[in-house]
Amino acid sequence: MYEENNSSNHNRLSTQESVKSKIEKIKQTQKLIKRLERLEIEIARLNRQLDTKKSKQKELMAELDVV
């Protein structure tokens with residue numbers, strides 16, 4: 001009887017550790033998702049900035065052609 005109870009406790013602890021591990025992985029995944037979202041926003045901002053600079057460059061090139 002003692003061995004069965006001990007085995008049951010061990011299985012319960014293993015399950016708890018497994019659940020804790022999965023919860024930790026979920027938290028890490030959520031942090032990575034948030035980081036990716038921030039990076040996507042930053043990339044979009046930089047792309048807009050690049051488009052603006054390219055547009056200004058085209059304007060300047062057009063002015064040089066006129067002169």
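Numbers here are sequence positions counted from 1.
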Practice problem: Check the pair Arg12, Thr15 against side-chain contact (heavy atoms from CB on, under 4.5 Å), reporting the backbone distance first and the verdict last. | Solution: CA-CA 5 Å; Arg12 186 171 28 244; Thr15 301; 5.7 Å; no
Self-check item: Gln28 CD to Gln30 CD distance, which is reported to the nearest 0.5 Å
Solution: 10.5 Å
Quiz item: How far does CG of Leu46 sit from CD1 of Ile41, to the nearest 0.5 angstrom?
Solution: 12.0 Å
Quiz item: Does CD belonging to Gln57 count more than 12 external heavy atoms closer than 6.0 Å?
Solution: no
Quiz item: Donor-acceptor pair, Thr29 side chain versus Lys25 backbone, under 3.5 Å?
Solution: yes
Quiz prompt | From CG (Leu60) to CG (Asp65), nearest 0.5 Å | solution = 11.0 Å
Quiz prompt | Inter-residue atom distance Glu37.CD - Lys34.NZ, 0.5 Å rounding | solution = 8.5 Å
Quiz item: Nearest 0.5 Å, what's the OG1-CG distance between Thr52 and Asn47?
Solution: 10.5 Å
Quiz item: Under the salt bridge (Lys or Arg N to Asp or Glu O under 4.0 Å) test, which residues partner Arg45, sequence neighbours left out?
Solution: Glu42
